[in-house]
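Written out below as structure tokens is the structure these notes cover.
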Amino acid sequence: MQEKIIILDFGSQTTQLIGRRIRELNIYCEIVPYNKYPFGDESVIGIILSGSPFSVYDEKAFRADLPALRALGLPMLGICYGAQFIALEAGGSVEPAPTREYGRARLSYVDGGDPLMKGVDTGAQVWMSHGDTITSVPDTFRIVASTEEVRMAAYAAPDNTWGVQFHPEVYHSECGMQILRNFAVGICGAHQDWSAASFIDSTVEALREQLGDDKVVLGLSGGVDSSVAAVLLNRAIGANLTCIFVDHGMLRKDEFKNVLADYECLGLNVVGVDASAEFFKELEGVTDPERKRKIIGKGFIDVFDREAHKIKDVKWLAQGTIYPDCIESLSITGTVIKSHHNVGGLPEKMNLRLCEPLRLLFKDEVRAVGRELGMPEHLITRHPFPGPGLAVRILGDITPEKVRILQEADHIFIQGLRDWGLYDKVWQAGVILLPVQSVGVMGDERTYERAVALRAVTSTDAMTADWAHLPYDFLAEVSNKIIRGVRGVNRVTYDISSKPPATIEWE
Ligand code: XMP
């Protein structure tokens, strides 16, 4: 049985990061909503309570059933809101901080003899982000770390319970990994045996058991997630897997052809379907971003459904859904920024059982699994690309001519990134076709043509992103090549917005 740590999610933006850090320690963990602890699961070795956007006194604040969790007798670590919640329930008090504590602070006191604080130095930087602070704790609690401003920065409570008011999971907390390691390994006794190879072995075995001789279909997108899912399934069930790769007409230049060839090399059984004409027809005159997404999502489902029905006796639909997709779509605070079409829709329509072998992996783990499976590096390091493709990078209505212009410009940008050795340094890059025309001059001629924006970002998980600080000389070369080489474009701009407040895609 794979031992695991459970992270109870109280809605903090950094909950996923806690999960990633624990996995980086080669320890398996799962994030579940604050009120969905898997009682009865004997493989859990420890519990972490995350932060939250709420104050513990907020009427809407999420509350877990602490007595029931305590009764499990497992080690527990509260982070930020989690720490405040545990302290409050034990009879301590939490009050609004005189000033909102946000950003870097340094530990001015550390109890180095405490198991959670072992190896953590006084003076280490930690990251604070809270509006409330713990002002008193019961006598049975011990303060194990303080900062100048926050006396109860960390406490040890009875019954193997600890709380930290700062965020050990964020990169800025210098001692963060040490604290998480102390908790997971030192206190919970984790064996650190979770790896890409162990994941492949156990998943292939589980898939064989789950699927038996059943037939499975899988939608490939060219992206790393669906490709890794396909290769993993292929290893488990071979020819019983059929992959379908739909060209909705809004892929990158030559992508359909190239990716199909890659898949064939990998020994996958792939059906390529060129449905671009249907999609262009449905999208004619549509300018609203959400409608475009819905049309493509629905169109994709229709085409896929039609093709899948040509295969006899299919019982399962496999998808390359990964962990952040699940967590984002189940987000307990429930704000929809954009409707991604990867999760939902298809299974209901097709009446097939769903198989998602990567649903508990983070992106970097999916890549590690792909490498371990021997997939070529260019498929594994491929930038993420949105399901609706270039449709959400053409502002306004979509026509085949606009797609052609964008494909050409995008090709120059991406090829340039590769030639300059910059491709792997950015998280993702692309070009956006703007719905504006501007005056230019070429030779002796006045031009009145389109503007494009280049977008390149650095990120670790797409939840937040910074614009990539690409060299001016590179940008100059790309701009020249696009304006000289792409008919219909006479102006190139560079997008210098980070996420938040902007998003990565423009629509
Ligand atoms: P945003 O624009 O929300 O994008 O900052 C975050 C990441 O998700 C990708 N993205 C999508 N992926 N279907 C997808 O499969 C979609 O509809 C979609 N919209 C955005 C985006 O490219 C980035 O990596």
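Count residues from 1 along the sequence. Keep in mind the model is a prediction, meaning the values are calculated, not measured. Just follow the structure's listing: the first ligand is 1, and inside any ligand the first atom is 1.
- An N or O contact shorter than 3.5 Å links I504 to ligand 1 by distance.
- Here is the list of ligand 1 atoms found below 4.0 Å of a heavy atom in T503: 1 (P), 2 (O), 5 (O).
- Taking every non-hydrogen atom of K499 and a distance limit under 4.0 Å, the qualifying atoms of ligand 1 come out as 1 (P), 3 (O), 5 (O), 6 (C).
- By the 4.0 Å N-to-carboxylate-O rule, K281 lies too far from E278 to be salt-bridged with it.
- In terms of polar-atom proximity, defined here as any N/O pair under 3.5 Å, E505 does make such a contact with ligand 1.
- Taking a cut-off of under 4.0 Å to the non-hydrogen atoms of P388, the atoms of ligand 1 that pass are 13 (N), 16 (C), 17 (O).
- Those atoms of ligand 1 that come under 4.0 Å of a heavy atom in R293, given as number and element, are 16 (C), 17 (O), 18 (C), 19 (N).
- Defined by atom type and a distance below 3.5 Å, a donor-acceptor pair is missing between the side-chain atoms of S50 and S12.
- Proximity of K402 to L390: side-chain heavy atoms (C-beta onward) are nowhere separated by under 4.5 Å.
- Note on ring orientation: taking the six-membered ring where Trp is involved, the planes of F199 and W194 are perpendicular (angle over 60°, cut-offs 30° and 60°).
- The aromatic rings of F10 and F85 are tilted relative to each other, their planes meeting at an angle between 30° and 60°.
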